[in-house]
Amino acid sequence: MVSVTDLRTMYEQMVTARHYEERLVDEYLVGKQPAFDISAGPIPGELHLAAGHEASGAGVCIHLRDDDTVTAPHRPHHIAIAKGVDLKRMTAEIFGRKTGLCRGKGGHMHLFDPDVNFACSGIIAQGCPPAVGAAMAAKKRNTDAVAVAFLGEGAIDQGGFLESLNLAAVHDLPVVFVVEDNDWAISMPKDRVTDVQNGAQRADGFDMPGVRIDSDDAMAVYEAAGEAVMRARDGNGPTLIEVQVHRRMGHFMGDAEGYRPEADIDRAKQRDSIERLAEDLRSHGVTDDELDEIRERAHERVEEVISWAKEQPEPDPEEAYENVFTNPPAQAATDGGAAADAPGDAGETGGDN
Amino acid sequence: MTDAVDVNSADSWPDDADDVAEGYLANWFVREGSAVDEGETLCEIQVEKVSIDVTAPTAGTVTETLVGEGDDFARGDVLARVQPSA
Amino acid sequence: MATESRDYTEATETDRELTMSRAMVEAIAWEMRENEEVFYMGEDVADYGGIFSSTTGLLDEFGRDRVMDVPISETAYLGAAVGAAQAGMRPIAELMFVDFFGVAMDQIYNNMAKNTYMSGGSFSVPMVLTTAVGGTYNDAGQHSQTLYGTFAHLPGMKVVVPSTAYDAKGLMHSAIRDDDPVVYMFHKRLMGLGWMPSPPGPKTGVPKEDYTIPFGEADVKRPGDDVTVVTLGLHVHRAMEAAEQLDDDGIDAEVIDLRTLVPLDTETVLDSVRKTGKLLVVDEDYQSFGVTGEIVARAAEGALDDLSAVKRLAIPDVPIPYARSLEDEVNPGTDDIAAAVRELHE
Ligand SMILES: Cc1ncc(C[n+]2csc(CCOP(=O)(O)OP(=O)(O)O)c2C)c(N)n1
Ligand SMILES: [Mg+2]
C-alpha cells in the first residue's frame, strides 16, 4: 500500500515540474514575441514541455534510488525532477550557462547527471539501448540496481525500442520500459501510425509482462511501477509499462497545433493528474493547507533555481573544444584539426539576421 | 482610372485569433511594381504563431507595400495596395 | 518543358519571389501532377506540412495516399522507398533531420546507394531522400549537423544542397526526374520560415513554369580576381556578405556555390583557382575527412602550380554545442570568412 509520505513526495514533484515548466514558458518567450524566432531570447532552440506527463515521472521514479539509471527522451524535465537531478544545474543548462549540468553543451534535450545516473537522447527511442546496458552492468556486478527507459508512444515503432525489449528479455535484465502515451507524435495521432492501440501489447512478442495504465493516475502508476521495479531488482527480468498521459501543450514551444482538434486539447486539459492526486491526498486526510504549503515550497524552489541559473556566466567560447574526449589525444591542440584553426570569436549573437 | 485596392490585414485574420491585435510580416513574395493575378500570394503573415498567406484581392500591379518584412503590425493595418489592371 | 539553367540575375527579376521552402514545394507539386508515380512520405508531412515546411499544402491537393505520414520507423519507410523505387515508382522520402540518419543508415547506404551497382546496373533506385540540415539556432549535437561529407563520401547517391529558392526548385525537378537516388539537403535557416528568419539571399525570383538545374554545375555567385571562396548551403550567404565587406577594402573575392556535391563541379573550382591562386573553402560540416579537404585535394591535384595559399573554415571537429557562445564559436561566421580571405590576400 502506498504511504502518505510517498503520495506527498509525488505531489511535490509533480507540482514542481508543472510550475517549473510554466516558468520556463515565460523565460523562453522573452525575445520571442510577437514574432516567434526560435533562436532568440535567453533560452533558444527547441523546447518540449511535459505538462500532463507528470504522473508518469513521479509514479515511477519514487521507486528508484540514486544508483538506478534513468534514460529520458526529448521531453525530459518531469522525469529529471522526479529522479532528483540537480535542478539548479539543470536550469543553468537550459539557459546555456557554464555551470549547467553539461557546461552548456547539451541543452534541454540532452541532460546528463551522473550523480543520479540520469541521461537523455533526443533521437527517438535511442535511450532504450543504454538503459539495457545499465541493467546489464548491474546484473554482471551483482548489484540490485535497475534501469528505466522512458519514451513516447510514437517511439514504440522504432527498431531501437523493439530490439531493446528482446535483448532485455532474453538476458532477464533488470530494466523497465515506460511508454508515455500522450496520443500524439508531433502531428501524428496514434491510430495513423500503428494498428495496436494498447502499446503494452508489444511486450507479448517478447514474452515479457506488459501493463497498460489507462488513466494518468499517479497512484496507478505507483502500483504498476512498484511491481515492475521490484521484479527487476529481484532478478526476474524486464517489464513494459504504458501510461496514458496527456499533452496539455503543443509538441514544442511555437507549435500552433493546427492539426489538432480543439476538443482534443480541451479533453487533455480536463484530465489533470495533479488535481487527481490532490484528491487522493485529501482522502488520506491531508488538508488543503498542507497542500498549499507543498505548492508554495515548490514555487519558491522553482523561483530560486531560475534566478540562480540566470546569474550564471555563459561558457567561454574556447570551452567548445573541451570534452570531446575524456583523454584528449596529445596532438589535438596543435594539429589543426580542432582548436588551432577554429573559426569563431566573432562575437555574433546567434541567429543569422 | 479605378482606385487602388487596399490589402487589409484584418481580411486575412484567422477566425480563432479574434482576441489578438498584433501580427508579424514574415515574408513578401512580390515587390512594388510586381504584376499579380487575382488570388496570388502576396505575403505571409504570422498571427499567434500561425502562418497565413495574404492573397491579391484583384489582378493588377502592386503599387505599395506598407509593412516591412520582419515588422510587426496591428490588425486592420493596410499591408499593400494593388492597382487593378484595366 | 524548359530545361535550361537560367541566369541567376534573370531569375531575380521575375515579379514573384519565393522562399526556398515554397520553391521546393512548387517543384514537388508540379512533378506529382505530371507523374502519378511520384509520392511523398515522412513524419509530419501530411497535416503539419513538414516541420520545416517542406510539404506545405501537398496533402490538400494530393490526399493521404500520395502524401503519407509514416510511423517513426526510418529504417522501414526509407527502405520501403528503396523498394518502391526499384519497382519503378518515384518516391520522395523525408528524413526529418539529417542527424537521424543513424537509425536507418543501412537502408540508405547498403540498399539505396549500392543496389544499382551491386545489381550490375540491372536495378535503378529513382528516389529522392529529402532532409533538413544545419545549425545556428541552438538545437545542440543531435539536431544541428549538416553531414554533407558523410553522404557525399559514400558512393552511389547524388547529393544536392540548394542555397536559393531558384536553385531549390530547379534542383528538385532534376532530383525527381533523375534515375538515381538523390539526397536533397535543405538548410533550415534558408527555408524562409517565419519562426527561423533567413538571412537576405535565399529568397529569389522563381519562374512559375518548371525548369531543371543540371547536377554538377557550380554557380559563380560573385566573380572576383583575388581570392576564391568555395562553399555551399547557408555559408554561400555568409561568404557573399563577407565579400561585400572585403570589396570596401579593395579585396575582390570570387564566391562559388557548389550546389551539388555529387557530382562535383571540379572545373569551375579549378578555373577560379587558376585565376586567383588563393583558395578558401568554407563548410558547415566537420573539418576533417570532409568537403573542405576534398576541395583542397582536387585543387592541389588539378592546379597545384597555380596555388599559392589555401585555407579552410569548417566545424572544428567537435559535436555542435548548445549554448549560443559555443555554437557561434564553432560555426564559421561572416567575420571569420572575411578574416580568412584577408589572411590569404596578404
Ligand atoms: C529517429 C528520430 N526520428 C524522428 C525524430 C523527430 N521527433 C522528435 S519528437 C517526435 C515525436 C515523438 O513522439 P512520441 O514518441 O509520442 O513522444 P512525445 O513527443 O509525444 O512525448 C519526432 C518524430 C527524432 N527525434 N528521432
Ligand atoms: Mg506521444
Side-chain angles (χ1 to χ4, degrees), chain A residues 35-39 44-46 93 96-98 100 102-110 121-126 154-155 157-160 185-188 192-194 254 258-259 314-321 324 337-353, chain C residues 43-44 46-48 51 69-76 99-100 102-104 136-143 189 193-200 234 237-238 282 287-288 311-319 321-337 339-340:
Chain A
F36 184 91
D37 173 353
I38 191 170
S39 45
E46 288 178 81
E93 185 60 32
R97 303 305 165 103
K98 188 185 175 95
C102 317
R103 303 170 195 222
K105 295 196 166 94
H108 115 98
M109 265 193 284
H110 316 101
S121 175
I123 311 292
I124 292 303
Q126 303 313 312
D157 303 321
Q158 184 68 232
I186 312 186
S187 71
M188 304 194 299
R192 189 176 299 160
V193 293
T194 178
Y259 52 81
E314 289 189 13
D316 301 325
E318 305 77 58
E319 291 176 47
Y321 307 101
V324 178
D341 246 354
D345 61 44
E348 297 146 80
T349 47
D352 209 64
N353 42 90
Chain C
E43 293 146 13
D44 306 286
D47 305 72
Y48 201 104
I51 298 300
D69 269 348
V70 291
I72 312 174
S73 309
E74 284 83 357
T75 287
D99 313 67
F100 309 158
V103 301
T136 73
Y137 64 103
N138 312 100
D139 222 7
Q142 297 180 337
H143 292 75
R189 179 59 81 187
L193 308 170
W195 52 278
M196 197 189 296
S198 297
L234 171 67
H237 305 286
R238 292 188 171 183
V282 186
Q287 174 155 314
S288 296
K311 248 184 137 18
R312 42 191 183 138
L313 280 176
I315 306 284
D317 297 339
V318 303
Y322 164 65
R324 194 174 279 140
S325 60
L326 300 179
E327 188 179 5
D328 286 350
E329 167 67 17
V330 303
N331 194 329
T334 300
D335 294 348
D336 300 317
I337 298 170

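Numbers restart at 1 for each chain; the letters A, B, ... are given by sequence-line order, proteins then strands. As a basis for the values below, the full set of heavy atoms in this structure was taken, side chains included, without hydrogen atoms, waters or symmetry mates.
Side-chain N/O atoms of Ser73(C) and Asp157(A) include no donor and acceptor closer than 3.5 Å. In this structure, a donor-acceptor pair under 3.5 Å is present between the side chains of Tyr321(A) and Glu329(C).
Chain C forms the most heavy-atom pairs under 4.5 Å with one residue out of Gly100(A), Gly106(A), Gly254(A), Gly159(A), and that residue is Gly106(A). Most heavy-atom pairs under 4.5 Å with chain C: of the set His110(A), Glu314(A), Gln126(A), Glu93(A), this distinction falls to His110(A). In terms of heavy-atom pairs under 4.5 angstrom with chain C, the leader among Gly96(A), Pro44(A), Gly45(A), Gly107(A) is Pro44(A). In terms of heavy-atom pairs under 4.5 angstrom with chain A, the leader among Thr75(C), Val282(C), Val103(C) is Val103(C). Looking only at heavy-atom pairs under 4.5 Å with chain A, the residue among Ser325(C), Pro321(C), Ala140(C) that has the most is Ser325(C).
Proximity to chain A is absent for every atom of Ile337(C), based on heavy atoms less than 4.5 angstrom apart. Both the backbone and the side chain of Ala185(A) come within contact range of chain C, judged by heavy atoms closer than 4.5 Å. Gln142(C) touches chain A through backbone and side chain together, each having a heavy atom under 4.5 Å away. Residue contact with chain C, scored on non-hydrogen atoms closer than 4.5 Å, is absent for Arg97(A).
Shown here for Pro71(C) and Glu43(C), the closest heavy-atom pair between the two residues is O-OE2, 3.9 Å. Val330(C) and Ala320(A) make their closest contact through CG1-CB, 3.6 Å (heavy atoms, listed as atom of the first residue, atom of the second, distance).
If you take OG on Ser198(C) and NE2 on His237(C), they are separated by 8.0 Å, rounding to the nearest 0.5 Å.
Between Lys98(A) and Glu319(A), at least one side-chain N (NZ, or NE/NH1/NH2) sits under 4.0 Å from a carboxylate O, which counts as a salt bridge.
Side-chain N or O atoms of Asp69(C) include one that pairs as donor or acceptor with a backbone N or O of Asp44(C) at under 3.5 Å.
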